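Just so you know, ligand 1 is whichever comes first in the structure, and atom 1 is the first atom listed for that ligand. Values reported hereafter were calculated over all heavy atoms of this structure, with side chains retained and with hydrogens, waters and symmetry mates removed. Computed from a predicted model, the values in this text were never measured in an experiment.
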Amino acid sequence: MPPREARVIVVAAEDDLTADLVASRLGRDAFIRLDPGRLRETVTAGGRFAAGTWATTIDDGRRAVTVGPATSVYWRKPTRPDTHPDADERWRADENTTALLGLLRAHPVLWINDPLVVDASEHKPTQLACAARHGLRVPDTLFTCDPDTARTFVTAHRDKVVVKALTQRHTTLIPTTRLRACDDLDAIAGTVHYLQALVEDRLFDARVTVVGDRVFAASIATDGALDWRTVPAADCRHAAITPPADVERACVEHVRELGLVYAALDFVVTADGWTYLETNCAGEFGWIEALTDLPISTAIARLLTHHTRATTAT
Ligand SMILES: Nc1ncnc2c1ncn2[C@@H]1O[C@H](COP(=O)(O)OP(=O)(O)OP(=O)(O)O)[C@@H](O)[C@H]1O
Ligand SMILES: [Mg+2]
């Protein structure tokens with residue numbers, strides 16, 4: 001029997017439970033799943049460039065995708081080629097991943113999300129400026145490695161400032177931390193630090209997950225922690241909530257302007273309103289779906305299977 005034509009490509013590691021969740025919402029024959037970073041010969045992927053166009057197909061024997069405008073790609077976190085201990089395998093995994101990404105990017109598919117757009121959108125300066133353009137309230141923020149500039153900022157904010165890590169790749173979690181003028185600010189010399197005005201009198205944190213033009217929001221409440229990530233999940237209270245309409249609209253526009261279809265935005269909510277903090281372009285959602293029953297995976301699966309190019313950003 002010839003393979004059935006599918007329109008969704010799921011690119012993820014084999015043990016990716018979140019990809020499993022989305023796949024479980026797709027029809028059995030609606031998608032092909034592969035991990036280009038893990039060498040398997042069960043899926044063939046290739047493209048031919050002739051007469052000015054690419055013809056790209058992916059086939060797992062049972063299903064086949066002829067890549068085109070109706071195709072959607074759910075690109076999560078395939079195995080990183082550099083995790084293979086063997087140099088040959090590293091090289092082959094790198095070739096496979098680079099070839100697949102390049103071929104898919106040569107077509108006008110729907111991406112959730114294009115990993116190159118994710119990389120470009122992860123930077124906080126871009127995110128904060130984009131959020132402000134869409135009317136979201138953004139705290140006064142400073143990047144500096146100059147102790148005097150930091151001291152002036154902390155003093156101007158009457159000692160109500162936090163410092164946050166830009167990357168968490170080379171450490172265990174560095175939580176958001178208060179910074180005061182009496183702290184040893186000389187120690188920042190040589191490393192650019194990310195300082196921000198403290199948002200006071202928090203009612204709760206909010207995680208807003210955007211899927212296309214749909215918004216799924218949850219509150220995360222602790223007993224007064226500055227950073228909820230330092231509190232065991234069992235001691236946080238999670239609930240589905242509805243943000244103000246203008247915040248919802250701004251979140252959708254912000255994600256679209258970044259060139260993304262999916263993202264998870266963080267806010268602090270006070271009696272005074274919602275303050276934007278950051279956008280997690282490849283943020284996980286399985287945990288918040290499990291805690292609140294927000295139907296995020298269903299929305300992702302629906303968009304992957306029912307999209308028309310007109311609803312997408314790229
Ligand atoms: N300016 C601020 N005022 C008050 N609380 C803040 C501020 N910035 C961050 N927080 C708190 O710190 C925690 C983490 O916030 P945020 O997501 O901005 O941190 P981050 O270090 O940028 O995160 P990530 O590691 O996901 O990039 C949240 O509980 C948030 O409310
Ligand atoms: Mg965050």
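Note: R7 CZ to H307 NE2 = 4.5 Å, rounded to the nearest 0.5 Å.
Scanning the protein for heavy atoms near atom 7 (C) of ligand 1, the closest one is L277 CD2, 3.8 Å. Ranking the protein heavy atoms by distance from atom 9 (C) of ligand 1 puts K164 NZ, 3.4 Å first. Here the heavy atom of the protein found nearest to atom 26 (O) of ligand 1 is E278 OE2, 2.7 Å. Regarding atom 5 (N) of ligand 1, its nearest protein heavy-atom neighbour is R202 NH2, 3.2 Å. The protein atom (non-hydrogen) at minimum distance from atom 28 (C) of ligand 1 is D205 OD1, 3.5 Å. Nearest non-hydrogen protein atom to atom 3 (N) of ligand 1 is V199 N, 2.8 Å. Annotation: atom 19 (O) of ligand 1 to nearest protein heavy atom, R229 NH2, 3.7 Å.
The contact set between ligand 1 and Q196, taken as ligand atoms under 4.0 Å from a residue heavy atom, comprises 1 (N), 8 (N). Taking a cut-off of under 4.0 Å to the non-hydrogen atoms of N280, the atoms of ligand 1 that pass are 26 (O). Interface atoms of ligand 1 facing K124, defined by a heavy-atom separation under 4.0 Å, are 22 (O), 27 (O).
By the criterion of a heavy-atom distance under 4.0 Å, the backbone of A197, and not its side chain, is placed next to ligand 1. For T176, every heavy-atom contact with ligand 1 shorter than 4.0 Å involves the side chain, none the backbone. With a heavy-atom cut-off of 4.0 Å, V162 touches ligand 1 through its side chain alone.
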- Residues R207, E284; criterion salt bridge (charged side-chain N to carboxylate O under 4.0 Å, His left out); working and verdict: CA-CA 11 Å; R207 161 67 57 121; E284 294 296 337; over 6 Å; no
- In sequence, state the C-alpha distance, the side-chain angles, and the governing distance for Y74 and F31, and then conclude on side-chain contact (heavy atoms from CB on, under 4.5 Å). CA-CA 10 Å; Y74 187 47; F31 70 96; over 6 Å; no
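Using modelled atom types, one finds no donor on one side chain facing an acceptor on the other under 3.5 Å when comparing T270 with D201. There is no side-chain donor-acceptor pair under 3.5 Å between H107 and T71.
Side chains of W111 and L116 form no contact here, defined as non-hydrogen atoms less than 4.5 Å apart. Counting only heavy atoms from C-beta outward, the side chains of I288 and F216 never approach each other to under 4.5 Å. Within the 4.5 Å cutoff, the side chain of L304 has no heavy atoms near those of the V10 side chain.
Heavy atoms of E200 stay at 4.0 angstrom or farther from ligand 1.
No salt bridge links D16 with K77; every basic N to acidic carboxylate O contact stays at or beyond 4.0 Å.
Nearest N/O/S atom of D266 relative to the Mg ion (ligand 2): this is OD2.
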